[in-house]
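Okay, handing you the structure first.
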Amino acid sequence: PGLVKLAMGFGWKLFSNLLGWLSNAGGFRFTGWFFSALASVGLFWLAMKVFRRESIAWLAVGLFLLTPRTFFHGHLGAFDMPVVAMIVWCVAAYRASLTSVRWVILGGLIWGLALATKHNAAFLPAIFVGHFLLIRLHRWRYLRADGGLLRLPPLPSILLAMLVCA
């Protein structure tokens, strides 16, 4: 996928060659810095939507940025932080699309950017569909042997993550 490669080239051309603000290496690393900031904004927004507390959102961003691997990869001209940023924004868009049709369209566009970042994003729809089915599972009913209705308890979402990671 070419999005990150084009962004690295653009950052190098603009900030190293044209403006002279960064060294050649810094021009390529600018992409990592930019996507780290983009991931942080997406994480803050997602935490605000989920927990509705600004202190928790700031804590989430701070802990994310201070994680050694995140800190290290944020300073590289590589694909690590761009794909993290796109996955965070895909998750945020999916979360918002559960209640807003506008976010369904935006989520598709964000997923397209994620695919243009790295092909790992091709697995996200399966995870989102699985999650959607799990959060709706408590509404499904099955017949018992005696003709009554048997309700299945809702399963924790972590089970889907365990199945995907196994």
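Note that the structure is a prediction, hence the values are computed from the model and not measured.
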What heavy-atom pair brings A39 and V84 nearest, and what distance separates the two atoms?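 Reported closest heavy-atom pair: CB-CG1, 4.5 Å.
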For the student: nearest non-hydrogen atoms of K118 and V83, plus distance: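 It is CB-CG2, 3.7 Å.
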When the ring planes of W12 and F28 are compared, do they come out parallel, tilted or perpendicular, using 30° and 60° as the limits?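 Correct class here is parallel.
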Say you draw a straight line from CZ of R29 to OG of S23; how long is it, rounded to the nearest 0.5 Å?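 The CZ atom of R29 sits 7.5 Å away from the OG atom of S23.
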W21: partners by side-chain hydrogen bond (donor to acceptor under 3.5 Å, both in side chains), with sequence neighbours left out: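 Scan of W21 (side-chain hydrogen bond (donor to acceptor under 3.5 Å, both in side chains), adjacent residues dropped) gives none.
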Please check: side-chain N/O of W111 versus main-chain N/O of C90, any donor-acceptor pairing under 3.5 Å?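 Such a contact is absent between W111 side chain and C90 backbone.
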May I ask whether L98 and L124 are part of the same hydrophobic cluster, defined by side-chain heavy atoms of I, L, V, M, F, W, Y residues being less than 4.5 angstrom apart, directly or through others?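 Same cluster.
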Please report the interatomic distance CH2(W58) to CG(L63), rounded to the nearest 0.5 Å.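 Nearest 0.5 Å value for the CH2-CG distance: 13.0 Å.
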Given the rule that I, L, V, M, F, W and Y join up when any side-chain heavy atoms are under 4.5 Å apart, are V50 and F132 in one cluster?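 V50 clusters together with F132.
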Determine the minimum heavy-atom distance between S40 and L65, stating which atoms define it.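 Of all heavy-atom pairs spanning S40 and L65, the closest is OG-CD2, 3.4 Å.
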Which atoms form the tightest heavy-atom contact between R95 and K49, and what is the distance?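 Of all heavy-atom pairs spanning R95 and K49, the closest is NH2-O, 3.3 Å.
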Verify same cluster id: L18, L22 (apolar side-chain graph, 4.5 Å):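 The answer is yes; both residues are in one hydrophobic cluster.
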Does any N or O in the side chain of W89 come within less than 3.5 Å of the main-chain N or O of L38, such that one atom is a donor and the other an acceptor?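 A pair under 3.5 Å: yes.
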Aromatic rings F30 and F34: how do their planes relate, parallel, tilted or perpendicular, breaks at 30° and 60°?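 It falls in the parallel class, under 30°.
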Could you state the interatomic distance from CZ (F10) to CG (L3), rounded to the nearest 0.5 Å?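 Reported to 0.5 Å precision, the distance equals 12.0 Å.
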When you group the ILVMFWY residues by side-chain heavy-atom contacts below 4.5 Å and let the links chain together, are F71 and F44 in the same group?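 Unlinked, F44 and F71 end up in two clusters.
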Minimum heavy-atom distance A122-P125, with the two atoms named: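 Smallest heavy-atom distance, with atoms named: O-CD, 3.4 Å.
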What heavy-atom pair brings G107 and A93 nearest, and what distance separates the two atoms?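 Smallest interatomic distance, heavy atoms only, reads CA-CB, 3.6 Å.
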How long is the gap from OG1 on T31 to CZ on F15, to the nearest 0.5 Å?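 That separation rounds to 9.0 Å.
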side-chain hydrogen bond (donor to acceptor under 3.5 Å, both in side chains) partners for N120, two or more places apart: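 Listed in chain order: nothing, the list is empty.
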Which distance, rounded to the nearest 0.5 Å, do you find between the OG1 of T70 and the CG of D80?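 Nearest 0.5 Å value for the OG1-CG distance: 9.5 Å.
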Would you give the length of the straight line joining atom CZ of F35 to atom OG1 of T117, rounded to the nearest 0.5 angstrom?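 F35 atom CZ to T117 atom OG1 measures 5.5 Å (nearest 0.5 Å).
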V104-I87 co-clustered via ILVMFWY side chain contacts under 4.5 Å: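 No; I87 is not reachable from V104 via cluster members.
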